[in-house]
Amino acid sequence: MTLTLVPPAAPATTPPVPAGPDPLGVLGVPGQVNLDYAASAPCARAAADAVAELLPWYASVHRGAGALSRRCTLAYERARQTVGDFFGARAEDHVVFTRNTTDALNLLARALPAGTTVVTFAGEHHANLLPWPRGSVRLPVPDSPAGAVRGLDAALAELRRGATSGPPVLVAVTGASNVTGERWPVAELAWVARRHAARIVVDAAQLAPHAPVDVAALDVDYLAVSGHKLYAPFGAGILLGRADWLDAAPPYLAGGGATSHVGAATHEVRWATGPARHEGGTPNLLGAVALAAVCAALAGADRAALHAHEQRLVDRLRDGLAALPDAVELRTFGPDAPRVGIVSFVLAGRDSAEVAAYLAREHDIGVRDGLFCAHPLARRLLAEAAARAGRDDLPPTALRASLGLGSTVADVDRLLAALAGLR
């Protein structure tokens, strides 16, 4: 039995003990306005503190008997448990640490059973377009969340042709667009996939930093997440999901840690089961611990309040852009579609790269310019924006302002003032 010692009550005259640093406060450089969270979010205090605490003990994971190695191994596996719990992992799921979402989706692509057909949408990030095998089905970009559900239902019905058995089918969809910030109807798409005996993987790189994601509640099979989008910039991500495909596939990385036995003959090898099968080599301990620390901090936070604050900032940014005579916002769905803290836009008659350079040089504001590693979608939305605005002078690339923890009204207003002051 553990005894808990309760200290005596402090005298009424004792001054209050100041609260410690906010674990979800983000690090930054004074004077610099970071509005590029969708590319790589700043480091949360929780991540920095967790790494700093572990660094004196830094040693090998799963490869040593010393006290340092044992502590690091425990920290790594506790991180796996924390991350899995945060995303609602089921008892039979694997949580495989990867480098990022791209790495996680490539791992899953390598683990697909032979003959699997992958169905995705043309509006995906390249990470969810390029890894899939030839013969994959790419559906048109829908004009609404309901259109996405209808389009997937029709496509899966055609693939199955009334049968509920046959070669495996995997649906691959984003949780929130990295171009527009618009949220996709993940739960509804998962229901459609289940109805047609298909599995579904969600690219949650942009959704997870802004909203709770629970694989069990959403009934999705796989989830891919990047730590560097989730305030843990140490090069770690995860692939979370069903064990059977992962345990049946050859290792993603063949090498130390992925084996249970290697014999003298060239091909005499037994591969490990579980996450270790796909985590060959020395793992990214600091990345895993940093990601787990942020997950733990977010789990203890008021997510509804964080969401409400972010939505106020997004509304302020969009309203401010709408008031600028030459600004045109990019969007896939209607203007009122739910979204996370990402807004992409163009300024008619202005080169986006030059505008981004001007904001950085003259106002210390960081935004992204380009096609955002979603070239098919971005080019389509630029053409649609030109038609909607009746303009023929929109640039061939866009600007993207993205925000999250630590973003303020002052940040948004500084961007809007800088854009209004362009001459």
Would you call [X] and [Y] a side-chain contact if the rule is heavy atoms closer than 4.5 Å?
| X | Y | value |
| --- | --- | --- |
| Arg45 | Val26 | no |
| Leu377 | Thr332 | yes |
| Val179 | Leu381 | yes |
| Leu112 | Trp132 | yes |

For Ala47 and Cys43, which heavy atoms make the closest approach, and how far apart are they?
->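 Distance-wise, the nearest heavy atoms are CB-SG, 4.0 Å.
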Under 6.0 Å between the ring centres of His375 and His126?
->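 Distance test on ring centres: under 6.0 Å, yes.
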Pairs flagged by side chain to side chain donor-acceptor pair (under 3.5 Å) wherever residues 338-350 is involved - sequence neighbours left out =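 Pairs touching residues 338-350 that pass the test: Glu329-Arg339.
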Could you give all pairs that pass the side chain to side chain donor-acceptor pair (under 3.5 Å) test and reach residues 105-117, with sequence neighbours left out?
->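 Of all non-adjacent pairs touching residues 105-117, none passes side chain to side chain donor-acceptor pair (under 3.5 Å).
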Does [X] [atom1] have over 12 foreign heavy atoms under 6.0 Å away?
| X | atom1 | value |
| --- | --- | --- |
| Gln32 | CD | yes |
| Asp392 | CG | no |
| Arg242 | CZ | yes |

Hey, mind stepping through Val367 and Arg400 against side-chain contact (heavy atoms from CB on, under 4.5 Å) and telling me if it holds?
-> CA-CA 6 Å; Val367 298; Arg400 183 182 70 189; over 6 Å; no
Checking [X] side chain against [Y] main chain: does a donor-acceptor pair fall under 3.5 Å?
| X | Y | value |
| --- | --- | --- |
| Arg318 | Pro335 | yes |
| Arg99 | Gly237 | no |
| Arg388 | Val328 | no |
| His210 | Gly404 | no |
| Arg379 | Ala383 | no |
| Tyr37 | Leu405 | yes |
| Ser402 | Ala38 | yes |
| Arg194 | Asp219 | yes |
| Arg63 | Gly256 | yes |
| Ser136 | Val119 | no |

May I ask you to say whether Arg150 pairs ionically with Glu188, meaning some side-chain N is under 4.0 Å from a carboxylate O?
->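 Salt bridge between Arg150 and Glu188, a charged N being under 4.0 Å from a carboxylate O: no.
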Would you say [Y] and [X] are linked by a side-chain donor-acceptor pair, where the criterion is simply a distance under 3.5 Å?
| X | Y | value |
| --- | --- | --- |
| Asp411 | Thr408 | yes |
| Asn178 | Gln206 | no |
| His62 | Glu77 | yes |
| Asp85 | Gln81 | yes |

Test log, rule side chain to side chain donor-acceptor pair (under 3.5 Å), inputs Asp103 and Tyr252 = CA-CA 10 Å; Asp103 196 33; Tyr252 182 49; 2.7 Å; yes
Which residues share a ring-ring contact (aromatic ring centres under 6.0 Å, His included) with Phe121, sequence neighbours left out | Trp184
Under the ring-ring contact (aromatic ring centres under 6.0 Å, His included) rule, collect the residues that match up with Phe97, sequence neighbours excluded.
->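 Phe97: ring-ring contact (aromatic ring centres under 6.0 Å, His included) contacts with Tyr76.
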If you draw the axis of the six-membered ring of Trp245, does the NZ or CZ of Arg199 fall within 45° of it and under 6.0 Å from the ring centre?
->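 Judged by the rule (NZ or CZ under 6.0 Å from the ring centre, within 45° of its axis), Arg199 counts as positioned above Trp245.
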Using 0.5 Å steps for rounding, measure from the [atom1] atom of [X] to the [atom2] atom of [Y].
| X | Y | atom1 | atom2 | answer |
| --- | --- | --- | --- | --- |
| Leu422 | Glu354 | CG | CD | 10.5 Å |
| Arg270 | His261 | CZ | NE2 | 5.0 Å |
| Leu286 | Leu55 | CG | CG | 5.5 Å |
| Leu382 | Thr397 | CG | OG1 | 7.5 Å |
| His307 | Arg312 | NE2 | CZ | 10.0 Å |
| Leu108 | Leu170 | CG | CG | 5.5 Å |

All side-chain contact (heavy atoms from CB on, under 4.5 Å) counterparts of Arg391, not counting sequence neighbours = Asp326, Ala348, Ala389, Asp393, Leu394
All side-chain contact (heavy atoms from CB on, under 4.5 Å) counterparts of Ala104, not counting sequence neighbours |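 For Ala104 the side-chain contact (heavy atoms from CB on, under 4.5 Å) partners, ignoring immediate neighbours, are Thr98, Ala224, Leu239.
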Which is it for Leu416 and Leu317 under the side-chain contact (heavy atoms from CB on, under 4.5 Å) test, yes or no, and what are the steps along the way?
-> CA-CA 7 Å; Leu416 292 172; Leu317 175 56; 4.0 Å; yes
Under the salt bridge (Lys or Arg N to Asp or Glu O under 4.0 Å) criterion, do Arg90 and Asp221 qualify, and how do the steps go?
-> CA-CA 10 Å; Arg90 296 150 297 222; Asp221 299 281; 5.6 Å; no
